[in-house]
Amino acid sequence: MMASLQAMEGAKTAARPLLEWYRKNRRDLPWRHTVDPYKIWISEIMLQQTRVDTVIQYYHRFLKRFNTLRELAGAPTQDVLAVWKGLGYYSRALNLQKAAQHVVEQYDGVFPQDYRAIRQLPGIGDYTAGAIASIAFNQPYPAVDGNVLRVICRLEGIGDDISQNRTKKRVAAIVCPIIPKDHAREFTQALMELGALVCIPSVPLCGECPVQFFCAAYRTGQQNELPVKKKKEAPRKVPCWVAILRENGKILLEHRKNDSLLGQLWGLPIVEKKESHPSEQLLKEKYGLRLKKTKKLGSASHVFSHQVWNMDVFSFALAEPMPVSNVLHWVKEAELERYAIPTAFQRVLKLLHLDNGWEQLELPLE
Ligand code: SF4
């Protein structure tokens, strides 16, 4: 009797009940009604950062605005970012458009079927390339996401750290030969679905599992200990000042530089605090603005994967006329919705209602 999924015969045997289970239990999700690589790709990128229930509305909204790859490729980048708003990780939206433009230029707008060609598109890594190749084109390539890592580590009793690339490669090497010929599309989704519905993170539902018989973790009682994930270092704390400047129904926004964090998006003037440097000095050095601080509006924080912005938000007034600037723009407050403003700054904008009359306040607040 084969007990290991890695061994071909056992694996094939495990694949069959897994597929049968998937056919009966799979969720009805919008991207499962299509094999259009463009739509599969959009769903996969969105699913990498957000829960399925949340993705559904964004998926429909995105495809309503950019129904084809050509429409995405030809759209103004600010429109793409605005439609992406709320999903975070804006670099993914920028890469989607870059890749769409590449497909238009290099492949006449037809999504390539070749795995290596897919893998070379901007923003597409091993996982996404495998997902598109298998789900859209039914090719036997593994797509190792968090769910698949967890399922395979438990099935195989693998105790390696799943945040390491070599563990992902090891898991991909296990999955690759067991993908049933002609059923790659279903198999990829079945593994993911098992991880999402049954082999769930904290306490897996082994009693309902179609591959329990083949599971090493279940046999050894390790299903709650696997997979192993080493703790990441805590993100660096970055204390900042954020400046709110308003005039005649307009607010000053910064169009952030391409190469900065949240590049190409719109934000408020922001500087990292430096000991014994007043905010006015730092804002002058960075933006050339001569300002006077008027009022503290509050604080907000935003956690990125590698850093946390702890933002103290103040309203300021111009102490001298504003110099000509390529990055700072007065924007009508009534039209803020049109701008791709990431969540970090949306949190700050929520404090605007506290800014009721900066003119009369002159508070030494540092
Ligand atoms: Fe996961 Fe339990 Fe199934 Fe093993 S038996 S694959 S631990 S749900």
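Remember, it's 1-based here, ligands and their atoms both numbered in the order they're listed.
- Every atom of ligand 1 with a heavy atom of Arg154 under 4.0 Å away is listed here by number and element: 7 (S).
- Using modelled atom types, one finds no donor on one side chain facing an acceptor on the other under 3.5 Å when comparing Arg92 with Asn95.
- Close approach of ligand 1 to Gln223 is summarised as follows: ligand atoms under 4.0 Å from at least one heavy atom of the residue are 7 (S).
- In terms of protein heavy-atom proximity, atom 2 (Fe) of ligand 1 is closest to Cys206 SG, 2.4 Å.
- Taking backbone and side chain together, Cys209 holds no N, O or S atom under 2.8 Å from atom 4 (Fe) of ligand 1.
- For Phe304 and His302, the distance between ring centers is under 6.0 angstrom.
- At a cut-off of 2.8 Å, Cys199 coordinates atom 1 (Fe) of ligand 1 through an N, O or S atom.
- Formation of a donor-acceptor pair under 3.5 Å by the Asn25 side chain with backbone atoms of Trp21 is found in this model.
- The six-membered or imidazole ring of Phe111 lies away from that of Tyr107, with a centre-to-centre distance of 6.0 Å or more.
- Which parts of ligand 1 touch Cys215 is read off a 4.0 Å heavy-atom cut-off, strictly below it: atoms 4 (Fe), 5 (S), 6 (S), 7 (S).
- Using modelled atom types and a 3.5 Å distance limit, the side chains of Trp309 and Glu272 yield no donor-acceptor pair.
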